[in-house]
A.B. asks: 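Just passing along the structure, written as structure tokens.
Here is how names work: the chains are called A, B, and so on, in the same order as the sequence lines, proteins then strands, and each is numbered from 1.
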Amino acid sequence: MATAKRSYWLVKSEPTTFSFDDLLASPDRTTSWEGVRNYAARNFLRDGMRRGDQVLFYHSSTEVPAVVGICEVAREAYPDPTQFDPQSEYHDPKSRAEEPTWLMVDLRAVEALPRPLPLTELKGVTALAGMELLRRGSRLSVQPVTAAQFTAIRRLAGLR
DNA sequence: GCCAACGTTGGC
DNA sequence: GCCAACGTTGGC
């Protein structure tokens, strides 16, 4: 049987909206990742993310922006129902049910990092030069991470 | 709160 | 299709 090539990703979340602790506390430590409303991010969700891919969980817009945990893709892309919900902050009146514009995946927590890795620290790590997160003006809420970057992050946090 | 860096919208 | 205006993200 051919081995699917595993990919690595990083997702951002504002901890006041949904934190890694919230993910750990979710049923089966799993949540649907609704609310992605950027085409580049959606394309990564749709075309890149495969079940079992490992995902860094990043806290943005907080006192100490940091990578705080690792999760994995538990379900591949499917339509995000909030786009059709007029009550939702993610409502998109232009999206049609026959051809949904926005997709989401399910993410399951794997483990919290033994220590969070602040953005300020990551900026000084040679092995992470070129990481999308560290690019000036980077705003992508779903972004690819290389295997080398993923491993470097694990080691920095004290994981094998 | 400021503002740089983007993405999106809409007039033309 | 161009591009200015506007809105959003997110670090600081």
Side-chain angles (χ1 to χ4, degrees), chain A residues 7-26 31-49 53-73 76-107 109-146 148-150 152-158:
Chain A
S7 299
Y8 301 89
W9 309 94
L10 179 146
V11 296
K12 297 179 181 176
S13 186
E14 300 189 13
T16 52
T17 302
F18 191 86
S19 69
F20 192 74
D21 281 344
D22 292 331
L23 182 58
L24 288 171
S26 299
T31 193
S32 53
W33 204 250
E34 69 268 14
V36 171
R37 293 295 180 271
N38 169 284
Y39 287 103
R42 180 209 62 185
N43 293 347
F44 284 128
L45 287 181
R46 181 189 63 194
D47 305 331
M49 279 191 166
D53 282 0
Q54 301 291 291
V55 182
L56 299 172
F57 196 107
Y58 177 80
H59 281 170
S60 65
S61 293
T62 186
E63 194 175 344
V64 182
V67 178
V68 297
I70 295 172
C71 50
E72 65 185 6
V73 178
E76 296 181 10
Y78 61 106
D80 178 345
T82 63
Q83 69 197 301
F84 303 120
D85 177 5
Q87 306 306 318
S88 171
E89 60 174 314
Y90 302 127
H91 182 230
D92 181 355
K94 293 193 301 267
S95 184
R96 297 177 301 116
E98 320 82 70
E99 197 178 346
T101 306
W102 306 112
L103 303 173
M104 62 186 187
V105 295
D106 286 356
L107 296 178
V110 174
E111 58 189 332
L113 295 187
R115 67 180 187 99
L117 297 175
L119 180 63
T120 50
E121 178 177 342
L122 299 182
K123 283 178 173 171
V125 177
T126 308
L128 299 179
M131 190 176 175
E132 169 66 22
L133 181 71
L134 306 182
R135 239 192 65 243
R136 179 175 161 79
S138 169
R139 298 191 314 179
L140 264 180
S141 62
V142 177
Q143 53 182 258
V145 171
T146 68
Q149 290 162 354
F150 186 83
I153 294 271
R154 287 186 61 94
R155 298 277 157 72
L156 275 171

A.B. asks: Quick one: which of B/dG7, C/dC12, C/dG10 gets closest to the side chain of A/Lys12?
C.D. replies: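 Shortest atom-to-atom distance from the side chain points to C/dG10.
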
A.B. asks: Distance check needed: B/dC3 P versus A/Arg139 CZ, whole Å only.
C.D. replies: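 In whole Å, B/dC3 P lies 17 Å from A/Arg139 CZ.
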
A.B. asks: To the nearest angstrom, how far is A/Leu134 atom CG from C/dG10 atom C1'?
C.D. replies: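 Interatomic distance, CG of A/Leu134 to C1' of C/dG10: 14 Å.
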
A.B. asks: With the side chain of A/Tyr39 defined as its heavy atoms from C-beta on, choose the nearest nucleotide among B/dT8, C/dG11, C/dT9.
C.D. replies: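 Closest nucleotide among those given: B/dT8.
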
A.B. asks: Looking at every strand, decide which applies to A/Arg37 at a 4.0 Å heavy-atom threshold: base, sugar-phosphate, or nothing.
C.D. replies: nothing

A.B. asks: Looking only at the side chain of A/Asn38 (C-beta and beyond, no hydrogens), which of the listed nucleotides B/dG7, B/dC6, B/dT9 gets closest?
C.D. replies: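 The answer is B/dG7, which lies nearest to the side chain.
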
A.B. asks: The side chain of A/Tyr58 lies closest to which of these nucleotides: B/dT9, C/dG11, B/dG7?
C.D. replies: C/dG11

A.B. asks: Look at the side chain of A/Arg136 and decide which nucleotide, out of B/dA4, C/dG10, C/dC12, has an atom nearest to it.
C.D. replies: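 Nearest listed nucleotide: B/dA4.
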
A.B. asks: Measuring to OP1 and OP2 of C/dC12, would you say a side-chain N or O of A/Lys123 lies under 4.0 angstrom away?
C.D. replies: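 Checking A/Lys123 against C/dC12: at least one side-chain N or O falls below 4.0 Å of OP1 or OP2.
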
A.B. asks: Please report the distance, rounded to the nearest Å, between CZ in A/Arg135 and C1' in C/dG10.
C.D. replies: 13 Å

A.B. asks: Can you measure A/Leu133 atom CG to C/dG11 atom P for me and round it to whole angstrom units?
C.D. replies: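 One finds 8 Å between P of C/dG11 and CG of A/Leu133, rounded.
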
A.B. asks: Tell me if the centroids of the rings in A/Tyr58 and A/Trp9 come within less than 6.0 Å of each other.
C.D. replies: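 Ring centres of A/Trp9 and A/Tyr58 not closer than 6.0 Å.
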
A.B. asks: With side chains defined as the heavy atoms from C-beta onward, is the minimum distance between A/Glu89 and A/Arg37 less than 4.5 Å?
C.D. replies: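 No, every pair of side-chain atoms sits at 4.5 Å or beyond.
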
A.B. asks: Taking it one step at a time, do A/Leu56 and A/Val145 satisfy side chain to side chain contact (heavy atoms under 4.5 Å, CB included)?
C.D. replies: CA-CA 9 Å; A/Leu56 299 172; A/Val145 171; 4.3 Å; yes

A.B. asks: Rounded to whole angstroms, how far apart are NE2 on A/His59 and C1' on C/dT9?
C.D. replies: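 Rounding to the nearest Å, NE2 of A/His59 and C1' of C/dT9 are 17 Å apart.
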
A.B. asks: Report yes if the distance between the aromatic ring centroids of A/Trp33 and A/Tyr90 is under 6.0 Å, otherwise no.
C.D. replies: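 Between A/Trp33 and A/Tyr90, the centre distance exceeds or equals 6.0 Å.
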
